[in-house]
Amino acid sequence: MTMEKVKAKKHLGQHFLTDESIAQQIADTLSFEGYENILEIGPGMGVLTKYLLDKPTTTYVIEIDNESVDYLNAHYPKLYGKIISKDFLKYNINEVFEGKPFAIIGNFPYNISSQIVFRALELRNQIPEFSGMFQKEVAERICSKKGSKVYGILSVLTQAFYDAEYLFTVHENVFNPPPKVKSGVLRLRRKANFNLSCDEKLFFTVVKTAFQQRRKTLRNSLKSFQLTDNLKEDSIFDLRPEQLSVEQFIELTQKIEANAI
């Protein structure tokens, strides 16, 4: 690919990994247990794909860029019939997987990486494992714990269903073009019991509403829930959202569910 074409792809948030050893390390982050299929999101020129194709699972790739699709078709015959030329955020992936479990992996475009995680959470019943490379600060946010300045919506919602582990940092000089920030590789492994002991839809709403005004106490940020006077006196409402663990957010949701007017 010429430099002109690489630069033209920057609007897609794509920075192409050029270090083969890092690509292999990312491919090795999955356990390849409990599922027969892998979905790589945004394979680009296939630097990660080539290592996935050697694994004991079937690799599918989903790529929105037509030039990358043409390149993959030309250079990776093992991908015949397994290249999905669609937008992961909009495509019904069960047209391919038909409800079967699959793992997600990728060197994710920075500008949509958080959206990819939220989409994966919607498909959590089918995704036992998820790993890949993000902008470093996004990877740290996903894996952060309560009390951290970067702990937020993405942290709580992801860790409600998955064990999140920050694996290693990747420096700028192994990409073409080099990004202006470092990258981080993480792994998500779905919890053995990933069904919440509260209304899951309400849980999502509580978490998002609380962090929209993260500097306020929950008593103020959750006013829209029309809480009973007795519930408002509960000490949990003296806290700010970043002070609550995932388990405490579940407890908070249970209390709101039981006591809302």
Side-chain angles (χ1 to χ4, degrees), residues 26-44 46 48-49 51-64 69 72 78-109 112-134 138-139 141-143 153-167 185-205 207-208 246 249-250 253:
I26 295 172
D28 289 342
T29 59
L30 293 176
S31 69
F32 306 97
E33 297 175 358
Y35 49 87
E36 297 179 356
N37 299 305
I38 300 170
L39 178 66
E40 182 188 358
I41 299 173
L48 174 58
T49 315
Y51 296 104
L52 296 174
L53 290 171
D54 291 334
K55 301 297 183 181
T57 45
T58 301
T59 297
Y60 290 80
V61 300
I62 186 163
E63 174 61 68
I64 197 172
V69 169
L72 294 167
K78 286 185 179 180
L79 284 177
Y80 179 76
K82 298 178 178 64
I83 300 175
I84 307 163
S85 183
K86 299 287 184 179
D87 181 346
F88 173 72
L89 298 177
K90 299 176 181 178
Y91 179 61
N92 177 12
I93 200 64
N94 277 313
E95 289 186 15
V96 175
F97 294 124
E98 299 178 335
K100 296 176 183 177
F102 63 97
I104 284 180
I105 194 168
N107 169 18
F108 305 114
I112 60 167
S113 60
S114 296
Q115 295 175 62
I116 289 172
V117 175
F118 284 127
R119 178 67 180 131
L121 291 178
E122 293 174 4
L123 297 166
R124 59 187 176 275
N125 289 340
Q126 289 176 253
I127 302 175
E129 204 167 29
F130 178 123
S131 67
M133 184 155 51
F134 294 77
V138 176
R141 187 181 309 141
I142 292 169
C143 299
I153 295 171
L154 197 57
S155 323
V156 175
L157 296 184
T158 303
Q159 293 176 43
F161 306 102
Y162 290 87
D163 293 319
E165 182 181 5
Y166 186 96
L167 299 177
V185 176
L186 61 75
R187 175 171 55 222
L188 306 178
R189 286 180 171 162
R190 195 175 60 197
K191 295 179 177 181
N193 181 7
F194 61 95
N195 294 312
L196 305 187
S197 56
C198 65
D199 182 293
E200 293 187 357
K201 185 177 180 180
L202 180 60
F203 174 78
F204 274 71
T205 303
V207 172
K208 290 178 180 179
V246 173
F249 266 109
I250 293 172
T253 304

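Values below: every heavy atom of this structure, side chains too, minus hydrogens, waters and symmetry copies. No experiment lies behind these values; they were computed from the predicted model shown.
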Taken to the nearest 0.5 Å, the spacing of Gln126 CD from Arg190 CZ works out to 9.5 Å

Considering residues, nucleotides and ligands other than Lys86, do more than 12 of their heavy atoms fall under 6.0 Å from its NZ?
no

When you look at Thr253 and Lys201, which way does the side-chain contact (heavy atoms from CB on, under 4.5 Å) test go after all the steps?
CA-CA 10 Å; Thr253 304; Lys201 185 177 180 180; over 6 Å; no

Would a distance-only check, ignoring hydrogens and angles, find a side-chain to backbone donor-acceptor pair under 3.5 Å from Glu129 to Ser31?
yes

Hey, are Arg187 and Asp163 close enough for a salt bridge, meaning a charged N less than 4.0 Å from a carboxylate O?
no

Using side-chain heavy atoms (C-beta onward) and a distance below 4.5 Å, is Tyr35 in contact with Leu30?
yes

Any heavy-atom pair between the side chains of Ile64 and Phe88 that's under 4.5 Å?
no

Please report the closest heavy-atom contact between Cys198 and Phe203, naming both atoms and the distance.
SG-CB, 3.9 Å

For a side-chain contact (heavy atoms from CB on, under 4.5 Å) with Thr59, tell me which candidate from Asp54, Ile38, Leu48 qualifies.
Ile38

Ring-ring centroid check Phe108 Phe130, cutoff 6.0 Å
yes

Evaluate the side-chain proximity of Ile84 to Ile93: yes if any heavy-atom separation is below 4.5 Å, no if none is.
yes

Taking every non-hydrogen atom, the tightest pair across Gly132 and Ile26
CA-CG2, 4.4 Å

With rounding to the nearest 0.5 Å, note down the distance linking CD in Glu63 to CG in Asp87.
10.5 Å

Ile142 versus Leu188: any side-chain heavy-atom pair under 4.5 Å?
yes

Looking at side-chain heavy atoms only, is the closest gap between Phe102 and Ile127 below 4.5 Å?
yes

Which heavy atom of Ile104 sits nearest a heavy atom of Ala120, and at what distance?
CD1-CB, 4.1 Å

Identify the two heavy atoms, one from Leu154 and one from Ser114, that lie closest to each other, and give their separation to 0.1 Å.
CD2-OG, 3.7 Å

Between Tyr51 and Asp28, is any pair of side-chain heavy atoms under 4.5 Å apart?
no

As an exercise, state the distance from NZ of Lys82 to CD1 of Ile62, rounded to the nearest 0.5 Å.
15.5 Å

Quick one: pull up CD1 in Ile112 and CZ in Arg119 and give me the separation to the nearest 0.5 Å.
12.5 Å

Check whether more than 12 heavy atoms from other residues, nucleotides or ligands sit under 6.0 Å from atom CD of Glu165, and answer yes or no.
yes

For a 4.5 angstrom cut-off between non-hydrogen side-chain atoms, does Leu157 reach Lys208?
yes

Pairwise distance CD1(Ile153) to OG1(Thr158) - rounded to 0.5 angstrom
11.0 Å

Asn37 side-chain N/O to Leu39 backbone N/O, donor-acceptor pair under 3.5 Å
no

If we ignore hydrogens and angles and just use 3.5 Å, is the side chain of Lys191 paired with the main-chain N or O of Gln159 as donor and acceptor?
yes

Nearest heavy-atom approach of Ala27 to Ile105 is CA-CD1, 4.0 Å

Taking all atoms of both residues into account, what is the closest heavy-atom pair of Pro43 and Val61, and its distance?
CG-CB, 3.6 Å

Short question: side chain of Arg124, backbone of Leu121 - any donor-acceptor pair under 3.5 Å?
yes

Working to the nearest 0.5 angstrom, can you tell me the gap between Asn125 CG and Asn195 CG?
7.0 Å

